[in-house]
Asks: 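To start, I am sharing the structure in question, which I have written as structure tokens.
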Amino acid sequence: MREFRILGPLEALLDGSPIDLGGQRQRALLAALLVHHGQVVSTDRLVDLLWGEQAPKTATTSLQNAVSQLRRALGHDVVETRSPGYVFAVDPVAIDAVRFETILGQARSAPAAERAQLLRSALALWRGPALADLAGEEFTQGEIRRLEELRLD
């Protein structure tokens, strides 16, 4: 089973073993797709997220190469091409942040004793600051703040 972790440094696991995600560009691409899981992210948007205003003329080709490398590492079914870009197509429960938010939702309506246990299990998913190794990427800032606020609540 594949698992994706953003509640701490970015990690991808296959049957509990770490998957080599490659260089910083592939890691940033994976983070961008995880943050927008289940949504089609256009090629132009990904280029903007990964390179910003200083995108080189070869950015689209570099993006396609990064997608190919991610597919080799994670499996060809994980990153799907859908016009006008790409979608991260995994079961949402494979993403730790989704599991965290699901447990928080369950805790809100649970009796006090059960709520405490649910909240402890939700907090146990955290391995450090969200997307810790990609905190310098501008596009991660909003998601990092959102997740940290949920954690503090």
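The model shown is predicted, which means the values in this text are computed figures rather than measured ones.
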Asks: Do Leu29 and Val87 sit in one hydrophobic cluster, given that two such residues count as connected whenever their side-chain heavy atoms are within less than 4.5 Å of each other, even indirectly?
Replies: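 Not linked; separate clusters.
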Asks: Return the CZ to CG distance between Phe100 and Leu150, rounded to the nearest 0.5 Å.
Replies: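 Result: 5.5 Å between the selected atoms.
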Asks: Side chain to side chain contact (heavy atoms under 4.5 Å, CB included), that's the test. Do Val90 and Asp77 meet it? Break it down for me.
Replies: CA-CA 8 Å; Val90 297; Asp77 59 329; over 6 Å; no
Asks: Report whether Val40 and Leu33 are members of the same hydrophobic cluster (ILVMFWY, side-chain heavy atoms less than 4.5 Å apart, transitive linking).
Replies: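 Looking at the clustering, Leu33 is in a separate group from Val40.
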Asks: Between Arg45 and Asp48, does any NZ, NE, NH1 or NH2 come within less than 4.0 Å of an OD or OE carboxylate oxygen?
Replies: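 Answer for the salt bridge query: yes.
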Asks: Measuring from atom OG of Ser62 to atom CG of Leu46, what distance do you get when rounded to the nearest 0.5 angstrom?
Replies: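 Going from the OG atom of Ser62 to the CG atom of Leu46 covers 13.0 Å.
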Asks: Show the nearest heavy-atom pair for residues Pro9 and Asp133, with the distance to one decimal.
Replies: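 It is CA-OD1, 3.4 Å.
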Asks: So which heavy atom on Ala135 is nearest to which on Ile144, and how close?
Replies: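 That would be CA-CD1, 3.9 Å.
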Asks: Look up atom CH2 in Trp126 and atom CG in Leu7, then write down how far apart they are to the nearest 0.5 Å.
Replies: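 With rounding to 0.5 Å, CH2 (Trp126) is 5.0 Å from CG (Leu7).
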Asks: Measuring from atom CG of Leu119 to atom CD of Gln106, what distance do you get when rounded to the nearest 0.5 angstrom?
Replies: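 One gets 10.5 Å once the value is rounded to the nearest 0.5 Å.
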Asks: Using distance alone, with no hydrogens and no angle criterion, decide if Arg71 and Thr81 have a side-chain donor and acceptor under 3.5 Å apart.
Replies: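 Side-chain D/A pair, Arg71 to Thr81: present.
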Asks: Are the side chain of Thr43 and the backbone of Thr60 linked by a donor-acceptor contact shorter than 3.5 Å?
Replies: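 Checking the backbone N and O of Thr60 against the side chain of Thr43, no donor-acceptor pair under 3.5 Å is found.
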Asks: NE2 of His37 to CD1 of Ile95: how many Å apart, nearest 0.5 Å?
Replies: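 Rounded to the nearest 0.5 Å, the NE2-CD1 separation comes out at 4.5 Å.
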Asks: Which pair of non-hydrogen atoms, one from Tyr86 and one from Gln64, has the smallest distance, and what is that distance?
Replies: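 Result for this residue pair: OH-CG, 3.8 Å.
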Asks: Flag the pair Arg127 / Asp96 as yes when at least one side-chain heavy-atom distance between them is below 4.5 Å, and no otherwise.
Replies: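 Result yes, sub-4.5 Å side-chain heavy-atom pair found.
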Asks: Compare every heavy atom of Leu49 with every heavy atom of Ala32, then report the nearest pair and how far apart it is.
Replies: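 Heavy atoms of Ala32 and Leu49 come nearest at CB-CD1, 4.1 Å.
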Asks: Would you confirm whether Arg145, through its side chain, and Thr140, through its main-chain N or O, come within 3.5 Å as a donor-acceptor pair?
Replies: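 Side chain of Arg145 to backbone of Thr140: no pair is present.
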Asks: Looking at Gln141 and Glu137, would you say the former's side chain and the latter's main chain have a donor-acceptor pair under 3.5 Å?
Replies: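 Judged by distance alone, yes, a pair lies under 3.5 Å.
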Asks: Using side-chain heavy atoms (C-beta onward) and a distance below 4.5 Å, is Leu74 in contact with Phe4?
Replies: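 Yes. Closest side-chain heavy atoms under 4.5 Å.
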Asks: So, taking the atom named CZ in Arg25 and the one named CG in Leu70, what distance separates them when rounded to the nearest 0.5 Å?
Replies: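 The CZ atom of Arg25 sits 12.0 Å away from the CG atom of Leu70.
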Asks: Determine yes or no for a side-chain-to-main-chain donor-acceptor pair under 3.5 angstrom, with Arg2 supplying the side chain and Leu14 the backbone.
Replies: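 Not a single qualifying donor-acceptor pair exists.
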Asks: Got a donor-acceptor contact below 3.5 angstrom from the His76 side chain to the Arg72 backbone?
Replies: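 No; zero donor-acceptor contacts below 3.5 Å.
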Asks: Given 3.5 Å as the limit, does a donor-acceptor pair link the side chain of Arg27 with the main chain of Leu10, or not?
Replies: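 Such a contact is found between Arg27 side chain and Leu10 backbone.
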Asks: In the structure I gave you, are the side-chain heavy atoms of Phe139 and Leu134 within less than 4.5 Å of one another anywhere?
Replies: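 When only atoms from C-beta onward are counted, Leu134 and Phe139 do not touch, as no gap falls below 4.5 Å.
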Asks: For the backbone of Ala107 and the side chain of Arg115, can you confirm whether one donor and one acceptor N or O come within less than 3.5 Å of each other?
Replies: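 A pair under 3.5 Å: yes.
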Asks: Of all heavy-atom pairs between Ala59 and Trp51, which one has the smallest distance, and what is that distance?
Replies: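 So the two residues come closest at O-CH2, 3.5 Å.
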Asks: Heavy atoms, side chains only, cut-off 4.5 Å: are Thr102 and Val93 in contact?
Replies: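 No; the side chains remain at least 4.5 Å from each other.
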Asks: Quick check on salt bridge (charged side-chain N to carboxylate O under 4.0 Å, His left out): which of Glu143, Glu148, Glu149 does Arg146 satisfy it with?
Replies: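 Among Glu143, Glu148, Glu149, the one meeting salt bridge (charged side-chain N to carboxylate O under 4.0 Å, His left out) with Arg146 is Glu143.
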Asks: Could you give me the CA-CA distance, side-chain angles and deciding distance for Leu30 and Val79, then say whether side chain to side chain contact (heavy atoms under 4.5 Å, CB included) is met?
Replies: CA-CA 9 Å; Leu30 177 58; Val79 181; 6.0 Å; no
Asks: Considering all heavy atoms of both residues, which atom of Pro92 and which atom of Val98 are nearest to each other, and what is their separation?
Replies: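 In terms of heavy atoms, the two residues are closest at O-CB, 3.3 Å.
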